[in-house]
Amino acid sequence: MSHQSLFRDTIFALSSGGLPSGVAVIRLSGPQTVAVLASMTAERIPPPRKAALRELVGDDGEPLDRAIVINFPGPASFTGDDCAELHVHGGKAVVAAVLEHLGRKDGLRAAEAGEFTRRAFLNGKLDLTSAEGLADLVAAETELQRRMALINAEGGQRDIYDGWRKRLLHARAMIEAELDFADEGDVPGSVAAEVWTDMSAMQQEIANHINGYHAAEIIRDGYRVVLLGAPNAGKSSLLNALARRDVAIVTEIAGTTRDLVEVSLDLDGLKVIVTDTAGLRDSSDTVERIGIERALRAAEEADLVLKLKDGSPDMPGFDLADLESKALSVGTKADIAPHRTGEFHHIVSVIDGAGLSALIEDIGRHAKGAVSAASGVLPSRLRQLELLRSCGHHLSLAAEVQQELELRAEELRLAGDALGRITGAIDVEDLLGVIFSEFCIGK
Ligand SMILES: Nc1nc2c(ncn2[C@@H]2O[C@H](COP(=O)(O)OP(=O)(O)OP(=O)(O)O)[C@@H](O)[C@H]2O)c(=O)[nH]1
C-alpha cells in the first residue's frame, strides 16, 4: 500500500554529486515509489529503512546495475511521502541508464531544484528556516558556515521564533481577557502588566538577535578585505601570495590592475574574501579612472582595508581618512624598501615571505573578532531580517498604544504574523518559488 500523498507526480533525481564517483545516489519521492521499486527489484522490495543489495532491472528484465536499495515508506521519510534511494555505481552510463528508465515510467518526472525539500515543507516535515538551513548546509564551504547551517537545519531558528510567537499569542489572549472582563470590574490588570513586561523583554531579545545578522552575513558571504595603495605598491603580488597562486597579473608597469580581482580564503574556518584593486593615482585614462572609483567603493564597503605602501614617496590626492578606523598599514617590498618599524602595522615581502604569516594571522584575528560578538542562533537571510524588523516594528507600535487595547492586540497579531512568515507557519505561498529555487537538484 502506498502512503497517501498530496502530490500526484513521483519525482526522481541524482542526489549525489558529480560523476564519475564511487557511488551515486538516486532518490525518488511520491506515490509511484513502491511500484517502481517492485518492478526494478523483481518484486523483492527491501524491508523499510534497511539497506539491501538488489539487482536493478529494466522493463525487459535486462540488468541495469547491482545496487543498494533503501525503501523509506511515508510518512517516516524525508519528504513525508514514500521515498527510496538507489545507491548505484557512480558511472555516467550507469546513472544515465537508471534515470532514463525512471523517466520512461508513467507518473514519474525529474525533480526540480529543491523539490524534495519543498515537498518536505508542504508535508509539514520541516519549517522554512530548517529548509533554508539545509540549503546552507549543502552549500557550506567553511567550518563556521557548516556550524551555523547545521544549527538552523536542526531547528535552532524555528525554536526561537516559535517561542516568541507563543509569547505573543499569550499576550493577546491576556488582552482579550482584559477586554472581555473590563465591564465586570474584574480586570486582571496585574497579569496584563506582567505580560507587558514580557513583551518589552522580547522586544530586546529580537533587537539583539537582529544585531547578529552582520556576523551571519560575514560567515555566509565572507569577511571582506580590500588591498589599497598607489600603483606598483605590490597589491597584486600580495594577493597572489595570500592566495598561494597567480590570480592577479603582476608587472613592473604601474597601473596594471584595472578592475577588482577577488580571491576567497579559508582562515581558520571563516571565509575571507581578499580584493585586489586598481592603484590609486590621478589618471586621464577612462578605464583606469573607473577602476579607481571601484577600488574606493570596495574599500568603503570592506570590513578591513590594507593600505599598502612601498618605499616610493606618497601619492597625493586621495583622502582615505574615513577608512582609518578599519585600516591596517602595510609596508611592502621589505627586501628592498627601507621601512622603519613602528611606521606600519605590518612589514612584508613576497620575495622572501617576511611578515606574511603574521599578516595572515592578524587578518584572521580581525575576521574572527567581527563574528565572535554574535553567538548562538543568528538570522541567516535578508528575508528573515526584514520580517524580524517588521515584528520589532509592530511590537514598538503596540507599546505606543498602551491605552487602546484593541489596537494593541492588533499590533501584536501583526508582530506574530511576521514571525509566522519566517518559519512558514502562515501565508508563504508567494515566497516558496524564490526560497526553493536556490537549492540544488536532488535536494
Ligand atoms: N623586491 C620586491 N618586489 C616586489 C614585491 N612585491 C611586488 N614587487 C614588484 O613590484 C612590482 C609591482 O607589483 P604589483 O604586485 O603588480 O603591484 P600593484 O600594486 O598590484 O600594481 P598596480 O596593478 O599597478 O596597481 C612588480 O614588478 C613586482 O614584482 C616584494 O615584496 N619585493
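We're numbering straight along the sequence, starting at 1. Quantities reported herein were computed from a predicted structural model and do not represent experimental measurements.
Note that CD1 of Ile422 and CZ of Arg381 are 12.5 Å apart. Values are rounded to the nearest 0.5 Å. One finds the CD atom of Glu100 at 10.0 Å from the CG atom of Leu64 (value rounded to the nearest 0.5 Å). Here Leu260 contributes atom CG and Arg297 contributes atom CZ; the two are 8.5 Å apart, rounded to the nearest 0.5 Å. The line from CG of Asn152 to CG of Leu134 is 10.0 Å long, rounded to the nearest 0.5 Å. Rounded to the nearest 0.5 angstrom, Glu217 CD and Asp303 CG are separated by 9.0 Å. Between Leu378 atom CG and Ile210 atom CD1 the span is 12.5 Å, to the nearest 0.5 Å.
Counting heavy atoms from C-beta on, the side chains of Leu238 and Leu356 come closer than 4.5 Å. Ser264 has its side chain within reach of Lys271: a pair of non-hydrogen atoms, C-beta onward, lies under 4.5 Å apart. Side chains of Leu395 and Ile206 form a contact here, defined as non-hydrogen atoms less than 4.5 Å apart. Counting heavy atoms from C-beta outward, Glu411 and Glu400 have side chains that stay 4.5 Å or more apart. With contacts defined as side-chain heavy-atom distances shorter than 4.5 Å, the pair Leu239/Val247 qualifies. His346 has its side chain out of reach of Leu306: every pair of non-hydrogen atoms, C-beta onward, lies at least 4.5 Å apart. Contact check for Asp198 versus Arg167: side-chain heavy atoms found under the 4.5 Å cut-off. Residues Leu323 and Leu228 meet the side-chain proximity criterion, which asks for heavy atoms closer than 4.5 Å.
For the pair Tyr223 and Ala370, the tightest heavy-atom approach, listed with the atom from each and the gap, is CE1-CB, 3.8 Å. Between Val263 and Ala243, the closest heavy-atom pair is CG1-CB, 3.8 Å. Looking at every heavy atom in both residues, Thr10 comes nearest to Arg119 through CA-NH1, 4.5 Å.
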Subject >> Pair His101-Phe12, ring-ring contact (aromatic ring centres under 6.0 Å, His included): steps then yes or no >> reply: CA-CA 11 Å; His101 172 74; Phe12 63 89; 9.8 Å; no

**OP:** Could you give me the CA-CA distance, side-chain angles and deciding distance for His345 and Asp362, then say whether side-chain hydrogen bond (donor to acceptor under 3.5 Å, both in side chains) is met?
**Re:** CA-CA 10 Å; His345 292 104; Asp362 203 21; over 6 Å; no

**OP:** I would like to know whether Lys105 and Asp59 meet salt bridge (Lys or Arg N to Asp or Glu O under 4.0 Å); could you show each step before the answer?
**Re:** CA-CA 10 Å; Lys105 290 191 173 294; Asp59 286 334; 3.2 Å; yes

**OP:** Could you give me the CA-CA distance, side-chain angles and deciding distance for Arg165 and Ile426, then say whether side chain to side chain contact (heavy atoms under 4.5 Å, CB included) is met?
**Re:** CA-CA 12 Å; Arg165 269 188 93 207; Ile426 52 162; 4.1 Å; yes

Original post:
Given Glu288 and Ser283, is the side-chain hydrogen bond (donor to acceptor under 3.5 Å, both in side chains) satisfied, shown in steps?
Top reply: CA-CA 7 Å; Glu288 190 175 1; Ser283 171; 3.0 Å; yes

**OP:** Kindly indicate, with the supporting measurements, whether the criterion side chain to side chain contact (heavy atoms under 4.5 Å, CB included) is fulfilled by Val305 and Lys307.
**Re:** CA-CA 6 Å; Val305 175; Lys307 287 200 304 184; 4.1 Å; yes

**OP:** List the steps and the verdict of side chain to side chain contact (heavy atoms under 4.5 Å, CB included) for Met174 and Trp196.
**Re:** CA-CA 10 Å; Met174 285 297 147; Trp196 202 245; over 6 Å; no

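Side-chain atoms of Thr332 and Lys235 form no donor-acceptor pair, as typed in the model, at a separation below 3.5 Å. Defined by atom type and a distance below 3.5 Å, a donor-acceptor pair is missing between the side-chain atoms of Glu132 and Gln157. At a cut-off of 3.5 Å, with distance as the only test, a side-chain donor of Asp276 or Ser236 sits close to an acceptor on the other residue.
More than 12 heavy atoms of other shown residues, nucleotides or ligands fall within 6.0 angstrom of atom CZ in Arg289. Ile249 CD1: 12 or fewer foreign heavy atoms inside a 6.0 Å radius. More than 12 heavy atoms of other residues, nucleotides or ligands sit less than 6.0 Å from atom CG of Asn208. Summarising the local packing, NE2 of His87 is surrounded by more than 12 heavy atoms from other residues, nucleotides or ligands at distances under 6.0 Å. More than 12 heavy atoms of other residues, nucleotides or ligands lie within 6.0 Å of CG in Asp352, so this atom counts as buried by the packing criterion.
Counting only distance, with no hydrogens or angles, the side chain of Arg66 and the backbone of Arg54 share no donor-acceptor pair below 3.5 Å. A donor-acceptor contact shorter than 3.5 Å links the side chain of Asp127 to the backbone of Thr129. A distance-only check finds no donor-acceptor pair linking the side chain of Thr277 to the backbone of Ala295 [under 3.5 Å]. The backbone N or O of Asp82 sits less than 3.5 Å from a side-chain atom of Thr33, completing a donor-acceptor pair. Thr142 places a side-chain N or O within donor-acceptor distance of the main-chain N or O of Gly269, the cut-off being under 3.5 Å. No donor-acceptor pair under 3.5 Å is formed between the side chain of Glu262 and the backbone N or O of Ile273. Between the side chain of Thr41 and the main chain of Leu37, a donor-acceptor pair closer than 3.5 Å is present. Formation of a donor-acceptor pair under 3.5 Å by the Asn240 side chain with backbone atoms of Ala248 is found in this model. Between the side chain of Thr275 and the backbone N or O of Val261, no donor-acceptor pair lies under 3.5 Å. Side chain of Lys368 to backbone of Ile363: no donor-acceptor contact under 3.5 angstrom is found.
Ion pairing between a basic and an acidic side chain is recognised when a charged N comes within 4.0 Å of a carboxylate O; Arg389 and Glu386 show no such pairing. With salt bridges taken as basic N to acidic carboxylate O contacts below 4.0 Å, none links Lys166 and Asp162.
Partner Pro46 forms a side chain to side chain contact (heavy atoms under 4.5 Å, CB included) with one of Ile70, Val69, Ile68 and no other, that one being Val69. Put simply, the residue from His394, His170, His209 that forms a ring pair (Phe, Tyr, Trp, His ring centres under 6.0 Å) with Trp164 is His209.
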What donor-acceptor contacts under 3.5 angstrom involve side-chain atoms of residues 71-81, with partners at least two apart or in another chain?
from: Ser77; atom 1: OG; to: Gly80; atom 2: N; distance (Å): 3.0
from: Ser77; atom 1: OG; to: Asp81; atom 2: N; distance (Å): 3.4
from: Ser77; atom 1: OG; to: Asp81; atom 2: O; distance (Å): 2.5
from: Thr79; atom 1: OG1; to: Ser29; atom 2: OG; distance (Å): 2.9
from: Thr79; atom 1: OG1; to: Asp81; atom 2: N; distance (Å): 3.1
from: Asp81; atom 1: OD1; to: Ser5; atom 2: OG; distance (Å): 3.2
from: Asp81; atom 1: OD1; to: Asn123; atom 2: ND2; distance (Å): 3.4
from: Asp81; atom 1: OD2; to: Ser5; atom 2: OG; distance (Å): 3.1
from: Asp81; atom 1: OD2; to: Asn123; atom 2: ND2; distance (Å): 3.4

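Counting only residues at least two apart or on different chains, the salt bridge (charged side-chain N to carboxylate O under 4.0 Å, His left out) pairs with a member in residues 137-147 are Glu143-Arg146, Glu143-Arg147.
Partners of Thr256 by side chain to side chain donor-acceptor pair (under 3.5 Å), not counting sequence neighbours, listed by chain and number: Thr251.
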